[in-house]
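These numbers were taken from a predicted model, which means no experiment stands behind them. Chain letters run A, B, ... following the sequence lines, proteins first and then strands; every chain starts at 1.
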Protein chains: 2
Amino acid sequence: MEPSTKERLIEAGMAMLLEHGYNHLGIQELLAATSVPKGSFYHHFESKEDFALQVIDRYMVGVHAGLDACLGDQAVAPLRRVRRFFEGTREAYRQEGYLGCLLGGLGQELSGVNAVFRRRIEECFQEIAVRIAACLQEAIDRGELSRDTDAQQLANLLVDCWEGAALRTRLLRDPAPLQAMLDFYFQSMAPAKTTARRTAGRAARRPPRGSTRRTGGSR
Amino acid sequence: MEPSTKERLIEAGMAMLLEHGYNHLGIQELLAATSVPKGSFYHHFESKEDFALQVIDRYMVGVHAGLDACLGDQAVAPLRRVRRFFEGTREAYRQEGYLGCLLGGLGQELSGVNAVFRRRIEECFQEIAVRIAACLQEAIDRGELSRDTDAQQLANLLVDCWEGAALRTRLLRDPAPLQAMLDFYFQSMAPAKTTARRTAGRAARRPPRGSTRRTGGSR
């Protein structure tokens, strides 16, 4: 089935918003790219703001589908499921050319000038963190994490650190910051019995010779 | 001594760029706020882009001064110095109303459309990470961190996670994400001999009753 006009506008607009941001999204450019007449755009969307908010809604449908697929897989240990979700997100970033996260981009650009976007994007992060927290709680219940772990705080932390790594990925067009962040986070959360055999700074050990590493000086 | 006209433009522009972003920075609004005539602005700056780049340069002068003050203090243990730098940055954010980081904001907004900003902001993060890495190397040399720690990678990680926490702080107008990130990072780097006595998820333990905590559900 052919995607509807509205669907085509949202798909094309999502890619344009990710790359260019909100202020640089030209409705004329979007209409030209999709061969949609202006009247049709305003039939589906009240305004550019309404359009961008509907793009965010659609983006979140995809995020929840990814969360469902990864976090609901009972055959996989809970911490592994959480990591898989973020690895899947990194794969999506790769397909887009490592432009980072739509939510982080719009959140930075607009949250100082537009309270509607500020609230909506914070809600999105909370929605994601609540789902991650539920899976971390499973990790606690199954003994993967200590009983006194605060799953919600640990989930918020993961979402936040991911967003920072996504920004750096956007600047560098390189996934290394995402990988380094996930390694540090999951290794820092290793269960007590293995933690005892590790030493400080273990998430940032010098990699073996010949492996890819990311240093400030070599870029 | 009175600040020069150029100085006043940069100071006012820095606050406006942090709050509103680049696209929403109106030169007319800046001139009105500083009572500077338009001709004078274009005497000092070639364009809005040149202005914003000079604001970034000035911002980095402040960052390096903060790094000098915190990281150069030989009386303090190296890891403590690094933490103090970020705590000082958090205090600066407080004074600005928790609007996050200028570099992260402009980096997200502009790096998809403007290669000059993209490169300049990545350079800024690298400059900061290189200085942090030098202090982490001191921590390694003094035995605060394991010898096989990769100081540069750990510094990049800290800068990246900080930026993500700064975005969340901007959305929430709340410093809690910054605090949670620093706690997790520095507790995860604890030296081997204390790590062995800790258990998993130790950076996200449930706080004592009555303390402030940040959860997705309660906001």
Side-chain angles (χ1 to χ4, degrees), chain A residues 19-21 23-24 99-100 104-105 107-109 111-113 118 121-122 125-126 129-130 133 145-146 148-150 152-157 160-165 167-168 170-172 177 180-181 184 188-192 195-196 198-201 203-206 213-217 219, chain B residues 19-21 23-24 99-100 104-105 107-109 111-113 118 121-122 125-126 129-130 133 145-146 148-150 152-157 160-165 167-168 170-172 177 180-181 184 188-192 195-196 198-201 203-206 213-217 219:
Chain A
E19 183 168 1
H20 302 137
N23 285 297
H24 279 275
L99 293 168
Q108 283 284 19
E109 181 182 357
S111 60
V113 291
R118 184 184 149 210
I121 289 169
E122 172 53 26
F125 287 138
Q126 285 187 31
V130 163
L145 290 175
S146 159
D148 59 357
T149 303
D150 185 331
Q152 188 61 56
Q153 188 173 342
L154 211 52
N156 272 314
L157 182 82
D160 295 355
C161 292
W162 177 263
E163 285 300 316
L167 163 63
R168 202 76 186 275
R170 179 174 171 84
L171 292 170
L172 292 163
M181 196 286 296
F184 183 82
S188 296
M189 292 207 307
T195 304
R198 289 158 188 255
T199 54
R205 289 292 176 75
R206 295 185 193 286
R213 66 188 271 205
R214 173 170 165 266
T215 62
R219 283 199 294 266
Chain B
E19 183 168 1
H20 302 137
N23 286 297
H24 279 276
L99 294 169
Q108 284 282 22
E109 181 181 357
S111 60
V113 290
R118 184 184 147 208
I121 288 168
E122 173 54 25
F125 286 138
Q126 284 188 29
V130 163
L145 290 175
S146 159
D148 60 357
T149 303
D150 185 332
Q152 188 61 58
Q153 187 174 343
L154 211 53
N156 271 315
L157 182 82
D160 294 355
C161 292
W162 178 264
E163 285 300 317
L167 162 63
R168 202 77 186 272
R170 178 174 172 84
L171 291 169
L172 291 163
M181 196 286 296
F184 184 81
S188 296
M189 291 207 307
T195 303
R198 291 160 187 256
T199 53
R205 290 292 177 75
R206 295 186 191 283
R213 69 188 269 205
R214 171 169 165 267
T215 62
R219 283 199 295 266

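Looking at A:R118, its side chain does come within 3.5 Å of a backbone N or O of B:L171 through a donor-acceptor pair. In this structure, the side chain of A:R170 does not engage the main chain of B:S111 through any donor-acceptor pair within 3.5 Å.
In terms of heavy atoms, A:Q153 sits closest to B:A180 at NE2-CB, 3.6 Å.
How far CZ of B:R168 is from CG of A:D160: 4.5 Å, rounded to the nearest 0.5 Å. Atom CE of A:M181 sits about 8.0 Å away from atom CG of B:L157, to the nearest 0.5 Å. The CZ atom of A:F184 lies 7.0 Å from the SG atom of B:C161; values are rounded to the nearest 0.5 Å. Atom CD in A:E163 sits 7.5 Å away from atom CD in B:Q108 (nearest 0.5 Å).
With a 4.5 Å cut-off on non-hydrogen atoms, B:L99 does not touch chain A at all.
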* **Stepwise side chain to side chain contact (heavy atoms under 4.5 Å, CB included) test for A:E19 and B:V113** => CA-CA 7 Å; A:E19 183 168 1; B:V113 290; 5.9 Å; no
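Each of B:A133, B:G112, B:A155, B:A165 has some count of heavy-atom pairs under 4.5 Å with chain A, and the biggest count is that of B:G112.
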